[in-house]
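Note sheet for the following structure.
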Amino acid sequence: PREYPALATLVESKHGIPILPTPPWKIKMPVDCSELPLEQNKIILSQLIKLKDAQWFLEPVDSNNLNIPDYPLVIKYPMDFGTMMSKFEMGDYDSSDEFYSDLCFVFANALTYNLPENWMYEVANRLRAVLDGKIIKKTKNVWTATSEDCQGTTGG
């Protein structure tokens with residue numbers, strides 16, 4: 001049977017949103033954006049979801065449709081960019097720490113469930129690398145996705 005890295009012990013915020021004080025995975029997490037104002041993180045997410053590689057992370061993983069019945073056994077806190085955007089729209093984020101925690105879960109889940117030779121693992125790492133560059137730039141100024149990012153953008 002396949003073994004998976006242990007997932008983090010979660011700390012609950014006052015709204016019940018799990019927070020990772022520091023990501024415990026032995027996989028590379030996105031650059032920490034928790035120091036940015038929440039509104040800037042919303043802009044980052046808005047631009048991120050326009051990237052072509054983000055298409056795989058826009059909705060919750062449907063383990064039944066994808067025929068991966070062990071996914072809910074392995075991934076205890078599923079997260080996706082669409083859910084994150086909904087949380088912004090509903091005012092569910094109290095802090096950039098909560099946003100960053102969810103962002104880490106998107107990548108940690110993809111990199112935990114998929115083996116390194118899996119195409120989804122590669123897509124997640126490629127998207128994380130683009131995100132890292134954009135977060136670093138965001139600390140200096142507002143950024144916009146370009147057609148070169150993650151092999152282009154999708155139609156929107």
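Since this is a predicted model, take the numbers as computed values, not measurements.
Annotation: the span from S95 atom OG to F99 atom CZ amounts to 11.0 Å, rounded to 0.5 Å. Here T83 contributes atom OG1 and M85 contributes atom CE; the two are 11.5 Å apart, rounded to the nearest 0.5 Å. Between the CG atom in N109 and the CE atom in M120 there is a gap of 12.0 Å [rounded to 0.5 Å]. To the nearest 0.5 Å, atoms CG (N41) and CE (M84) are separated by 8.0 Å.
Side-chain contact check for P69 versus N67: some heavy-atom pair is nearer than 4.5 Å. Side-chain contact check for V61 versus I75: every heavy-atom pair is 4.5 Å or farther apart. Residues I44 and L36 meet the side-chain proximity criterion, which asks for heavy atoms closer than 4.5 Å. Considering only heavy atoms from C-beta on, L127 comes within 4.5 Å of L48 through its side chain.
S63 places no side-chain N or O within donor-acceptor distance of the main-chain N or O of Y71, the cut-off being under 3.5 Å. With hydrogens and angles ignored, the 3.5 Å screen pairs no side-chain donor or acceptor of S96 with any backbone N or O of E35. Between the side chain of Q47 and the main chain of I43, no donor-acceptor pair closer than 3.5 Å is present. Formation of a donor-acceptor pair under 3.5 Å by the S86 side chain with backbone atoms of G82 is found in this model.
In this structure, a donor-acceptor pair under 3.5 Å is present between the side chains of Y93 and D102.
Applying the side-chain hydrogen bond (donor to acceptor under 3.5 Å, both in side chains) rule to N118 yields no partners; only residues at least two apart in sequence or on another chain are considered. The side-chain hydrogen bond (donor to acceptor under 3.5 Å, both in side chains) search around E122 returns R126, not counting sequence neighbours.
In this structure, W119 is a member of the same hydrophobic cluster as L58, with clusters built from ILVMFWY side-chain heavy atoms closer than 4.5 Å.
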Q: Using the side-chain contact (heavy atoms from CB on, under 4.5 Å) rule, take N125 and F107 through it: C-alpha gap first, then chi angles, then the decisive distance, then the call.
A: CA-CA 8 Å; N125 266 331; F107 290 97; over 6 Å; no
Q.
Apply side-chain contact (heavy atoms from CB on, under 4.5 Å) to residues M79 and K87 and explain how you reach the verdict.
A. CA-CA 11 Å; M79 185 49 59; K87 288 173 118 178; 3.9 Å; yes
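Closest of all the heavy-atom pairs between A110 and N114 is O-ND2, 2.9 Å. The shortest non-hydrogen separation linking I49 to F81 is CG2-CB, 3.5 Å.
For residues 55-69, no pair satisfies salt bridge (Lys or Arg N to Asp or Glu O under 4.0 Å), with sequence neighbours left out.
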